[in-house]
> 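To start, I am sharing the structure in question, which I have written as structure tokens.
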Amino acid sequence: AEYMGAALKKLCVPPAPRSLDELNAADAAADAAAALQAMLAPLSKGAEEEIARAMRMPESHVFVEKAGIPLDARSLRTLSPRAWLNDEVINMFIELLRDRDARRAAEGKAPRCHFFSTF
């Protein structure tokens, strides 16, 4: 029984950090978890209404075109639950990431990243 108590304690209580690097890593992980939680916050009612309007647009309606990639209503609908995600949506997101990367690199805020198209 004593062995089981010690084993359960090891499972339930994480070891204390032993170095400054581990403390920094723990802080970074906590910051990342908080950022992820903020990104996963529920949408506002206005945002939900905007999405509903976009989903009702005709399939051929183009919302935006970037780097020769049109994002139309048909492609946007692939973001619905239980739908196959298509490559136009993925490539559009990659283009948005490229833009953000270029802006942040110009401001000296982030290292340059490389993104690859699905084509």
> Would you say Ile51 ends up clustered with Leu96 if hydrophobic residues are merged whenever their side chains have heavy atoms under 4.5 Å apart, either directly or through other cluster members?
no
> With salt bridge (charged side-chain N to carboxylate O under 4.0 Å, His left out) as the test, would you mind laying out the steps for Arg98 and Glu95 before giving the verdict?
CA-CA 5 Å; Arg98 281 184 183 148; Glu95 288 303 317; 2.5 Å; yes
> Please name the pair of heavy atoms, one in Thr78 and one in Ser75, separated by the smallest distance, quoted to 0.1 Å.
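Smallest interatomic distance, heavy atoms only, reads OG1-O, 2.6 Å.
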> More than 12 heavy atoms of other residues, nucleotides or ligands under 6.0 Å from CZ of Arg77: is that the case?
yes
> Using the rule given for salt bridge (charged side-chain N to carboxylate O under 4.0 Å, His left out), can you reason through Glu50 versus Arg53, listing the C-alpha separation, both sets of side-chain angles and the distance that settles it, and then say yes or no?
CA-CA 5 Å; Glu50 184 80 19; Arg53 275 194 299 277; 2.7 Å; yes
> As an exercise, state the distance from CE of Met92 to CD1 of Ile90, rounded to the nearest 0.5 Å.
12.5 Å
> Would you say Ile94 and Val64 are hydrophobically clustered, going by side-chain heavy atoms of ILVMFWY under 4.5 Å?
yes
> Keeping Asp99 on the side-chain end and Ala102 on the backbone end, is there a donor-acceptor pair under 3.5 Å?
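It does not hold such a pair.
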> To the nearest 0.5 Å, tell me how far Leu76 CG sits from Glu88 CD.
12.0 Å
> Less than 4.0 angstrom from a charged side-chain N to a carboxylate O is my criterion; do Glu48 and Lys45 meet it?
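Between Lys45 and Glu48 there is no salt bridge, as every charged N stays at least 4.0 Å from the carboxylate O atoms.
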> To the nearest 0.5 Å, what is the distance between CZ on Arg100 and SG on Cys113?
7.5 Å
> Only distances under 3.5 Å count here; give the side-chain donor-acceptor pairs of residues 54-62 to other protein atoms, sequence neighbours excluded, each with its distance to 0.1 Å.
none

> For Asn86 and Val89, work out which heavy atoms get closest and say how close.
OD1-N, 3.2 Å
> Counting only heavy atoms not in Phe93 (residues, nucleotides, ligands), do more than 12 fall under 6.0 Å from its CZ?
no
